[in-house]
Amino acid sequence: MSWAMDWNSLVEAAWKVRQNAYAPYSNFQVGAAVVATDGRIFVGCNVENLSYGLTTCAERVAIGAAVAAGAREFHGLAVVADTALPISPCGACRQVLAEFQVPRVMLANWSERLEFSLEELLPRATAGILDRPG
Ligand code: THU
């Protein structure tokens with residue numbers, strides 16, 4: 001039987017870590033959780049900065065925590081916020097998801113979940129760079 005994503009656990013972990021978001025400038029709290037292929041879940045929240053540009057998104061904090069703990073292969077990532085529409089990851093985060101080939105991404109608010117493939121979120125992410133194939 002093929003492995004099935006437990007999106008409920010991942011989304012729940014993302015909501016929980018969102019409570020730790022450091023967002024004094026935007027007041028927009030985001031949570032993310034990524035599950036590694038060994039089953040471990042890593043979480044991240046957005047961490048803002050007075051310089052604005054140094055702000056780190058929840059998704060990249062989660063991936064960074066995973067990599068620091070030795071995880072580099074993932075089944076999927078969930079990202080949540082209290083928005084009218086499910087949140088959309090920024091371009092920089094999509095590129096980082098592409099770096100680690102995170103295959104499935106769930107975008108959620110309190111009432112809706114939308115699942116996307118990496119290819120849908122960032123087509124042709126690696127094609128042509130350093131002579132990589134598509
Ligand atoms: N943010 C995230 O953490 N993830 C997203 O997918 C979109 C935006 C953060 C960055 C900033 O702290 C705040 O949300 C507003 O853009």
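Indexing begins at 1, ligand by ligand and atom by atom, following the structure's order. Below, all heavy atoms of this structure are taken into account, side chains as well, without hydrogens, waters or symmetry copies. Index from 1, following the sequence. This is a predicted model, so every value here is computed, not measured.
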Which residue and heavy atom of the protein sit nearest [atom], plus the separation:
atom                   : result
atom 9 (C) of ligand 1 : Asn46 ND2, 3.6 Å
atom 3 (O) of ligand 1 : Ala58 N, 2.9 Å
atom 8 (C) of ligand 1 : Cys57 SG, 4.3 Å

- Message: I'd like to know whether ligand 1 has Ala81 as a neighbour, heavy-atom separation below 4.0 Å.
- Response: no
- Message: For Pro89, state whether at least one heavy atom is located under 4.0 Å from any atom of ligand 1.
- Response: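 Yes, that is the case, since the closest heavy atom of the residue is under 4.0 Å from the ligand.
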Under 4.0 Å from a heavy atom of [X]: which atoms of ligand 1 are those, numbered in the order shown and with their elements?
X     : value
Val30 : 1 (N), 2 (C), 3 (O), 4 (N), 9 (C), 14 (O)
Ile87 : 5 (C), 6 (O), 7 (C)
Thr55 : 10 (C), 11 (C), 12 (O)

- Message: On a heavy-atom basis, I'd like to know which of Arg18, Glu48, Glu59 is closest to atom 12 (O) of ligand 1.
- Response: Glu48
- Query: For atom 15 (C) of ligand 1, which of Phe28, Tyr22, Tyr25 has the closest heavy atom?
  - Reply: Phe28
- Query: Does the protein put a heavy atom less than 4.0 Å from atom 6 (O) of ligand 1?
  - Reply: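 Protein heavy atoms within 4.0 Å of atom 6 (O) of ligand 1 - there is at least one.
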- Message: Heavy-atom distances under 4.0 Å decide this one: backbone, side chain, both or neither, for Ser26 against ligand 1?
- Response: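 Side chain only.
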- So is Thr56 polar-close to ligand 1, meaning N/O to N/O under 3.5 Å?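 Checking ligand 1 against Thr56, no N or O pair falls under 3.5 Å apart.
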- Identify the two heavy atoms, one from Phe28 and one from Ala81, that lie closest to each other, and give their separation to 0.1 Å.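 What the structure gives for the nearest pair is CZ-CB, 3.8 Å.
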- Taking all atoms of both residues into account, what is the closest heavy-atom pair of Phe74 and Ile63, and its distance? CE1-CD1, 4.3 Å
So, does [X] use its side chain to make a donor-acceptor pair with the main chain of [Y] at under 3.5 Å?
X     : Y     : value
Arg94 : Pro89 : yes
Asn49 : Tyr52 : no
Asn46 : Ala58 : no

- Test item: Val43 and Lys16 side chains (from C-beta on) under 4.5 Å apart, heavy atoms: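 Result no, sub-4.5 Å side-chain heavy-atom pair not found.
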- Query: If you measure from CD on Gln95 to CG on Leu122, what distance do you get to the nearest 0.5 Å?
  - Reply: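 It comes to 5.5 Å.
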- Task: First locate atom CG of Leu118, then atom CD of Gln101, and finally report the distance between them rounded to the nearest 0.5 Å.
- Result: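 Separation between the atoms: 5.5 Å.
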- With a 3.5 Å cut-off and no angle check, do the side chains of Arg113 and Asn8 form a donor-acceptor pair? yes
